[in-house]
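Take a look at the structure set out below.
Each chain gets a letter, A, B and so on, in the order the sequences are listed, and its residues count up from 1.
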Number of protein chains: 2
Amino acid sequence: MGKRITSHDVARRAGVSRSAVSLVLNGRAEGAISAQNQEAVLRAVNELGYRPNTVARSLRNASTHTIGVVTDSILSTGFGGDMVNEATRAAAARGYLLLVVDCDRNPVREQEAVQVLKSRQCDGLMLAAEHLREWQPPPGFADEKCLLLDAVDPSGQVPGVVSDEVGGARSATELLLRAGHREIAYLTGESHYLAAGMRVQGHTKALAAAGLGPQLVECGWDISDGLRVGLRLLDSPDRPTAVLCANDRVAAGVFLAAARLGLSIPDELSVVGYDNDRNVAPHLGLTTISLPHRAMGARAIEVLLDVMAGRAVESTRLLVDSPVVERASVAPPSR
Amino acid sequence: MGKRITSHDVARRAGVSRSAVSLVLNGRAEGAISAQNQEAVLRAVNELGYRPNTVARSLRNASTHTIGVVTDSILSTGFGGDMVNEATRAAAARGYLLLVVDCDRNPVREQEAVQVLKSRQCDGLMLAAEHLREWQPPPGFADEKCLLLDAVDPSGQVPGVVSDEVGGARSATELLLRAGHREIAYLTGESHYLAAGMRVQGHTKALAAAGLGPQLVECGWDISDGLRVGLRLLDSPDRPTAVLCANDRVAAGVFLAAARLGLSIPDELSVVGYDNDRNVAPHLGLTTISLPHRAMGARAIEVLLDVMAGRAVESTRLLVDSPVVERASVAPPSR
DNA sequence: TTGAAAGCGCTAACAT
DNA sequence: ATGTTAGCGCTTTCAA
């Protein structure tokens, strides 16, 4: 631990008491400390480079102004980092610091992390998932002021901030329908993923509204999956005119498949991704559905601070919109 | 802050004094507390679910067992997450918690973050970069026990743990030479990136040892760059037989270009990437140079704890090896 | 072998 | 309007 400048030093230098220093620094000085002394305190603070010892303040106030965040694999995969990042900002803007512990999907480490964060006296606790999933909170978690982020509690006890997957897939589909497409294939992620199922729902619903049925192809989540399935699906004269992809990486695979088959995008094939993956979508000119990670992170802090303040949450699933990001991979069908 | 079980509660329940509880819990009981009472304390701890209040302990011990980590954009880009993740583990194994603040490359936020972490009384401070760069530590940083991770201090004051970029590019080149290639193009990242320059060095050195000169093409770091440059470079009969890429995303772009041009990899073209990007390399069967993020993270904690213990660091640049990861994108040249 | 007491740096109730 | 004091929960002398 660094320096040794305490409020006592400041008080001495300013010629006032330690309580005076405390009052000034906590904005409770008005009507209690003379303007002259306030001035003196502030000057001493600057001259000495004094910063209050947060640890002592935490002990005294029974509040650390920290929020403990346990993540499953956000750090290791890099997916969802924006969410945590924006949460960090939103928290900082309110004087809170996030204590983030990534547990790499290891339940034992998750349990330990919750214990560690509790013993560090976090004012609130959060479980943040890389992508939408069910997440049974570890023991002791639900005893605290807490919230899930991009996850739902199967027991319904802890509320969660989640993205609107159904709505996102619906928007994507409507976009293709508006462009004139009638033969749309959907390369879905594995069906045991929560998000995959919800997206299929939204997709199917939008098609039904246009009097169409879905063409679903279970695929996967990676470039290689998009390539493999794309090659099979597109190498035929009655291929679909548009493909909706499980995510942007799959879309990249479809781009690769189209290149091999000599199909040009978007003239002969429209492609829509999902996630708005910064490493993929902009570089491919890919139209995609944005996962609203930043908004979710900000929302989560807002809600959790409400919970910490004792206010009730209106619902157990707090939906955040997933807007379409239009780029150049969609055009009217050529036939 | 949660429940209110203190060491006092434990002491009462065990029928001993608070100091006895402290001694037992800190392993200093032997020869001081009777076996019977130790037993009683442990039992009471379990029954009550007591966990020591870390804040109080920190205040008393003048040590928080935390390490403050300021990152430039690891969280937002997801690149280098493994580094932080492994650092978290290594720290946890020694009873330390990482306080990670991502500042999104914003210098003002970086300054603030350092101040916040200092006032939180972190025992050590770290600056961790998304990828190798020069990083002038913010004011106040170098006053603490500190270290850079994947970054170098231009003033040479603060030591840094960095990957061996020169060695990595040399290994990659040697691999292609061993496979029989003589016409190797290197799609470099922008030259103002520190890593790009060092990789060119390693590449050139390895070629020189084989009596060859480099074919350097300044390119960029993204899929679109690889595609663009790849189309130009490979659409000619005297194209290179092998391409070494600035990173794996560029390599993905080259794959795309090769697909368009009808070139099969690795039969007609060998490709080597850099980074071992988990979202790209394995799915493309791409041979690549691994950025040793995990090893770097672990090493950083090790070194920083040494610094915190007052031990001197042997060098200002602590190199970590960058090993080759062989997959299926390299074969002997076809001509 | 154990308990009483001081004190880490801060804030807030209470005197002055 | 300002200073004194108690105490947050813990560890660590120091007496008993």
[N] OP1/OP2 closer than 4.0 Å to side-chain N/O of [X]:
X: B/S58; N: C/dC8; result: no
X: B/R28; N: D/dT12; result: yes
X: B/Y50; N: D/dC10; result: yes
X: B/N37; N: C/dT1; result: no
X: A/N61; N: D/dC8; result: no

Side-chain donor/acceptor of A/S22 to base of C/dA12, under 3.5 Å: no
Donor-acceptor pair under 3.5 Å, A/S19 side chain vs D/dT5 base: no
Pairs where residues 145-154 of chain A contributes a residue and the test side-chain hydrogen bond (donor to acceptor under 3.5 Å, both in side chains) is met, not counting sequence neighbours: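 Checked against side-chain hydrogen bond (donor to acceptor under 3.5 Å, both in side chains) - neighbours excluded - the pairs reaching residues 145-154 of chain A are A/D153-A/S155.
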Steps toward side chain to side chain donor-acceptor pair (under 3.5 Å) verdict (A/S76, A/D104): CA-CA 7 Å; A/S76 34; A/D104 242 337; 3.0 Å; yes
Most 5' of B/A56 and B/L23 on DNA chain D, judged by nearest nucleotide: B/A56
What integer distance in Å separates [X]:[atom1] from [N]:[atom2]?
X: B/R57; N: C/dG9; atom1: CZ; atom2: P; result: 18 Å
X: B/E30; N: C/dT1; atom1: CD; atom2: C1'; result: 13 Å
X: A/R18; N: D/dA1; atom1: CZ; atom2: P; result: 22 Å
X: A/R120; N: D/dG9; atom1: CZ; atom2: P; result: 18 Å
X: A/H8; N: C/dC10; atom1: NE2; atom2: P; result: 11 Å
X: A/H65; N: C/dT11; atom1: NE2; atom2: C1'; result: 14 Å
X: A/N26; N: C/dG9; atom1: CG; atom2: C1'; result: 13 Å
X: A/L59; N: D/dA6; atom1: CG; atom2: P; result: 18 Å

Distance-minimising heavy-atom pair for A/C122 and A/E144: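 Distance-wise, the nearest heavy atoms are O-OE1, 4.5 Å.
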Considering all heavy atoms, the nearest A/G297-A/L149 contact: CA-CD2, 4.3 Å
Of the candidate nucleotides [options], which contains the atom at the shortest distance from the side chain of [X]?
X: B/A32; options: D/dC10, D/dT4, C/dT2; answer: C/dT2
X: B/S17; options: D/dA1, D/dT11, C/dG3; answer: C/dG3
X: A/V16; options: D/dC8, D/dG3, D/dT2; answer: D/dG3
X: B/R60; options: C/dT2, C/dG9, C/dC8; answer: C/dC8
X: B/S7; options: D/dC10, C/dA12, C/dC10; answer: D/dC10

Parallel, tilted or perpendicular: rings of B/Y96 and B/H65 (30°, 60°):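 Correct class here is parallel.
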Main-chain N/O of B/I33 paired with B/Q38 side-chain donor or acceptor, under 3.5 Å: yes
